[in-house]
Each structure stands twice: as structure tokens, then as C-alpha cells.
Amino acid sequence: MLALVDVNSFYASCEQVFRPDLRGKPVVVLSNNDGCVIAASPEAKALGLPMWRPAFESLPLLKQHGAAVFSSNYPLYGDMSRRVMETLATLTPALEVYSIDEAFLHMPDTASDLYAYGRHIRERVRQWTGLPVGVGVAPTKALAKAANRAAKRGGGDQICVIADERARIDCLRNMDVADIWGIGKRIAARLRHRGVHTAWDFTQLSDDWVRRELTVTGLRLKRELEGAPQAKLEIDPPAKKMIGTAKSFGTNLSDKTLIREALAWYVAETGEKLRRQNRLAGYLTVFLETNRFRPDDPQYVNQTGLRLPVPTSDTPELSRHALLAFERIFRPGYRYKKVGIWLSDLTVPRAVQQNLFDPPAHRDRSGTLMRVVDRVNRRYGKATLRTASAGFRREQWKLRQEHLSPRYTTRIDELLEVRS
DNA sequence: TCTGGGGTCCTAGGACCC
DNA sequence: TCTGGGGTCCTAGGACCC
């Protein structure tokens with residue numbers, strides 16, 4: 001049996017751990033750039049705020065009810081996530097970290113009472129991290145997801161076990177087709193059109209139809225909901241296939257050199273991620289877009305890719321190519337909202353095909369330089385050392401974060417203070 | 001004024017190879 | 001009248017996840 005454990009209102013709960021005064025109160029967390037509400041404590045959800053609504057539309061109501069509002073604080077959430085996962089690892093022989101706030105785990109053979117073990121998981125995570133979790137238990141991943149959702153719906157002790165046919169059918173009958181893991185808005189609409197309204201209805205479709213209309217992905221999903229596992233836990237996270245950075249600007253930009261600076265900055269961030277994972281990139285994609293929420297503005301979206309002469313993780317080299325790619329797609333006269341870079345065709349350093357005209361000695365020096373840059377930046381702060389192309393005008397494009405909480409758990413100068 | 005970021009998988013078509 | 005078979009690489013689009 002598998003369990004899917006996830007943290008309730010994860011980002012909002014993280015803020016509450018370090019702000020006891022906010023427990024039991026409406027708390028929301030905004031997306032990057034303070035754009036949308038993306039997490040809400042139960043009290044905030046009770047105000048009827050849909051997620052993903054622009055913050056400026058929801059803020060008046062939030063203010064009226066005295067809600068606390070936070071910008072996303074990823075250093076904090078990332079570290080709290082690590083603590084949750086380390087706690088869960090003590091409770092299972094096998095753990096798959098599925099997302100920042102979710103994990104699949106094998107129930108230990110010794111857990112004879114699955115429900116009681118679910119409660120044990122909840123209590124330990126609460127005690128060790130301060131965070132509330134829900135637990136769904138079932139024989140397959142998709143069913144564990146469904147059970148987890150039912151646990152939330154129940155409103156009781158946040159645990160749901162699907163251990164027999166009756167429980168499985170009952171859970172699927174009470175589940176909207178759009179809530180199935182892997183069924184999004186588009187497919188849900190198509191299914192509804194065919195009279196499929198619940199997860200149970202979905203499992204009653206013919207295999208042929210599902211295969212034809214929803215590809216093998218849909219068929220696998222159907223099998224999982226029928227109780228036949230199609231995927232095992234991924235205990236060692238598979239290597240990434242793409243690494244990238246793409247962020248909206250604090251305001252729309254027309255100035256080409258400012259956009260170039262932002263791109264160079266993102267390239268440096270991406271290069272650092274690449275080196276941390278000990279990978280080299282063979283292919284690079286740059287893209288650029290205007291603000292699609294401004295239909296009255298002229299719209300332009302484009303992207304272009306290029307193969308790197310030799311796979312690399314050297315920031316100056318990546319920057320050079322990224323800026324060349326940028327030149328191919330930039331058009332003056334638009335107000336741009338976002339620029340981004342994706343690196344793909346990732347390989348490990350010892351698998352590289354060398355270039356006759358660019359001997360390894362040269363590359364060893366780049367490796368040494370990048371190691372120094374990364375160490376300096378880790379110690380003295382992001383982009384303390386950077387390429388000149390990243391410039392000195394970040395204030396003009398950096399994202400908005402007006403409600404940022406301290407990095408309580410990762411910065412010594414931002415520790416929580418307690419006064420008696 | 002203000003609408004996220006980072007990923008994955010699948011399919012299809014075109015260009016090109018021998 | 002009739003015009004191959006087996007591939008790779010790249011791009012683009014669609015759909016999904018948290």
C-alpha cells in the first residue's frame with residue numbers, strides 16, 4: 001500500500017509556523033511578482049477567494065477581513081519542505097518526493113492498522129515541523145491521490161484509506177472527473193461532453209476509446225484507478241531534462257538593453273543550477289513575450305533555440321549564445337513582460353565529445369572560474385560576481401515582493417526573535 | 001498600476017540521412 | 001497506371017502537474 005502525504009495550504013502554513021499570532025486567522029501567499037493568490041489558510045479560503053485570481057482583485061476583500069498577506073518566500077518553503085521530507089523518511093522504507101509539499105511513501109509491512117499509521121504520520125510531522133498534513137492510502141498512486149483528496153473533503157482527521165473494492169468505488173463515485181490526477185480542464189470538458197461526470201464514470205469507459213482519445217497516458221490512468229499499479233515510486237529522483245529560468249518583470253519593458261540585462265541575469269542563475277546538478281547543456285532556448293493580459297497592447301511571442309558548439313556550463317559562454325539567440329527574436333516597439341532561457345540536452349561532464357579546436361585545458365580553466373564564482377555568490381549573496389552583461393539596473397526590472405517574510409531557517413541574521 | 005515559475009510527457013510533421 | 005523503407009533530429013503544439 002502507498003500513501004500520498006501532502007501539507008495543507010503549504011505556503012500559508014509555513015508562514016504561520018513562525019507567526020503564532022496568525023494561527024487560526026486568514027493568511028494568503030502570493031505568487032512571484034505578487035501576482036496572484038496561490039495559497040490560503042482555511043480561514044482565508046472560507047472568505048471565498050479563488051486561487052489564481054490577480055492579487056489586486058482580491059486584496060480589498062482580504063484587507064477588509066484583516067487577512068495577512070505574504071509574498072512567496074521560496075528559501076523558507078524549500079527548507080521547510082526538506083524538514084517534512086526528512087521526517088517522512090523516518091516513517092517509511094521508501095519515499096518519493098513528488099513536489100515541494102507532497103510525497104508518496106510505502107506503508108511499512110508492520111503497519112497492520114493503516115488508518116492508525118496515517119494518524120501517526122500526521123502527528124509526527126506536526127510535532128517535528130509544526131505543519132499539518134493530509135494522508136491518502138491506497139494500492140496505486142492515482143488512487144492514493146484520490147484518497148488524499150477525499151481526506152481533505154472529509155474535514156475530519158485528514159486521513160482516508162482505500163483498502164477494499166467498496167472503499168474504492170465509494171471514493172471514485174464521489175469524485176468529480178476534473179479532480180482526477182492527470183485530468184486537466186481541457187480533457188475534463190471533453191469528458192463531460194460525453195456524459196462522464198465522476199471518476200467512477202471515467203473508469204467505465206472502454207479502453208479503446210480512452211487509448212484513442214487520451215493517448216497511453218489516459219489509459220495508464222484508467223488502470224491505476226481500477227487498482228492496477230502502472231508506476232512505481234521513484235526513490236532516486238530522475239535527472240532533469242531541462243533547466244531554465246523565466247520570470248516576469250516588475251513592469252513591462254520596451255528598452256532592449258534592460259531586457260538583455262535581465263536575460264543575462266537569468267542565464268547566470270540557470271548556469272548555477274546546472275553546475276549544482278553537475279550537468280552540461282548541449283542546447284539552449286531563449287524566449288520572449290509581451291503581456292497577454294493586455295489585449296489592447298500589440299502582442300508578440302517568440303522563441304528560438306541553438307545547439308552549443310560543445311556542451312558547457314560556463315556562464316559567460318552560455319550568455320554569449322543566449323544574447324545571440326535573443327538578437328534573432330527581439331523586435332522593437334513592443335512592451336515586453338517576460339524573457340526566459342531553457343537549457344536542454346543535458347549531459348554529465350565526463351561524457352562530453354571534445355572539440356578539436358577548443359582543447360580541454362581551456363575548459364578546465366572555465367570550471368575553476370565558475371567554482372570560484374559560485375562560492376563567492378553563495379557566501380556574499382546572489383550575483384555578487386556576475387558578467388557585465390547582467391548590468392547594474394536590476395531595480396528597473398526585478399520582480400515585486402512587497403510582503404516578504406524573513407528567511408527564518410536559512411539566514412542567521414533573519415532568525416526569529418523571541419522577547420520575554 | 002497590478003495576472004507565476006519550473007517542469008514532464010505525447011503527438012505530428014518536415015527535413016534530411018542511407 | 002505504377003514511384004521504398006527505415007531511421008534521426010528538430011520544431012511546434014497540446015496537455016498536464018505542483
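So that the names make sense, note that chain A is the first sequence line, chain B the second, and so on, each numbered from 1.
A cation-pi contact, defined as under 6.0 Å to the ring centre and within 45° of the axis, links A:Arg386 to A:Phe392.
The distance between atom CZ of A:Arg149 and atom P of C:dC18, rounded to the nearest whole Å, is 8 Å. Computed from coordinates, the A:Glu234 CD to C:dC17 P distance equals 17 Å when rounded to whole Å. Remark: C1' of C:dA15 and CG of A:Leu214 are 10 Å apart, rounded to the nearest angstrom. At whole-Å resolution of the value, CZ in A:Phe287 and P in C:dA12 are 14 Å apart. For the pair A:Lys185 NZ and C:dC18 P, the interatomic distance rounds to 14 Å; values are reported in whole Å. For A:Arg212 and B:dT11, the CZ to P distance is 14 Å, given to the nearest whole Å.
Looking at heavy-atom distances under 4.0 Å, A:Ile187 makes contact with sugar-phosphate atoms alone, never a base. Within 4.0 Å (heavy atoms only), A:Ile180 reaches sugar-phosphate atoms of the nucleic acid but no base atom. At the heavy-atom level, A:Tyr283 lies under 4.0 Å from the strands shown only through sugar-phosphate atoms.
Pairing for B:dC18 is with C:dG5, a Watson-Crick or G-U wobble pair whose two hydrogen-bonding atom distances lie under 3.5 Å.
Here the side chains of A:Arg82 and A:Thr409 are not in contact, with every heavy-atom distance at 4.5 Å or above. A 4.5 Å side-chain heavy-atom check between A:Thr129 and A:Val17 finds every atom pair outside the cut-off.
Electrostatic pairing of A:Lys141 and A:Glu234 does not count as a salt bridge here, judged by no charged N lying under 4.0 Å from a carboxylate O.
Nucleotides C:dC18 and B:dT3 place their P atoms 24 Å apart, quoted to the nearest Å.
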Next item on the list: Report the C-alpha separation of A:Tyr11 and A:Phe70 in whole Å, then their side-chain angles, then the decisive distance to 0.1 Å, and conclude whether the ring-ring contact (aromatic ring centres under 6.0 Å, His included) test is met.
Entry: CA-CA 9 Å; A:Tyr11 298 168; A:Phe70 291 96; over 10 Å; no
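Counting only N and O atoms by type, the side chains of A:Asn377 and A:Glu272 include no donor and acceptor under 3.5 Å apart.
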Next item on the list: Assign a letter to each nucleotide of nucleotides 3-10 of chain B from its 5' end: B, base within under 4.0 Å of a protein heavy atom; S, sugar-phosphate only; -, no contact.
Entry: BBSSSBSS
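A:Leu274 pairs by the side chain to side chain contact (heavy atoms under 4.5 Å, CB included) definition with A:Ile243, A:Arg279, A:Ala281, A:Ser313, A:Leu318, A:Leu343, A:Leu346, not counting sequence neighbours.
The shortest distance between the side-chain N/O atoms of A:Lys145 and the OP1/OP2 oxygens of C:dC18 is below 4.0 Å.
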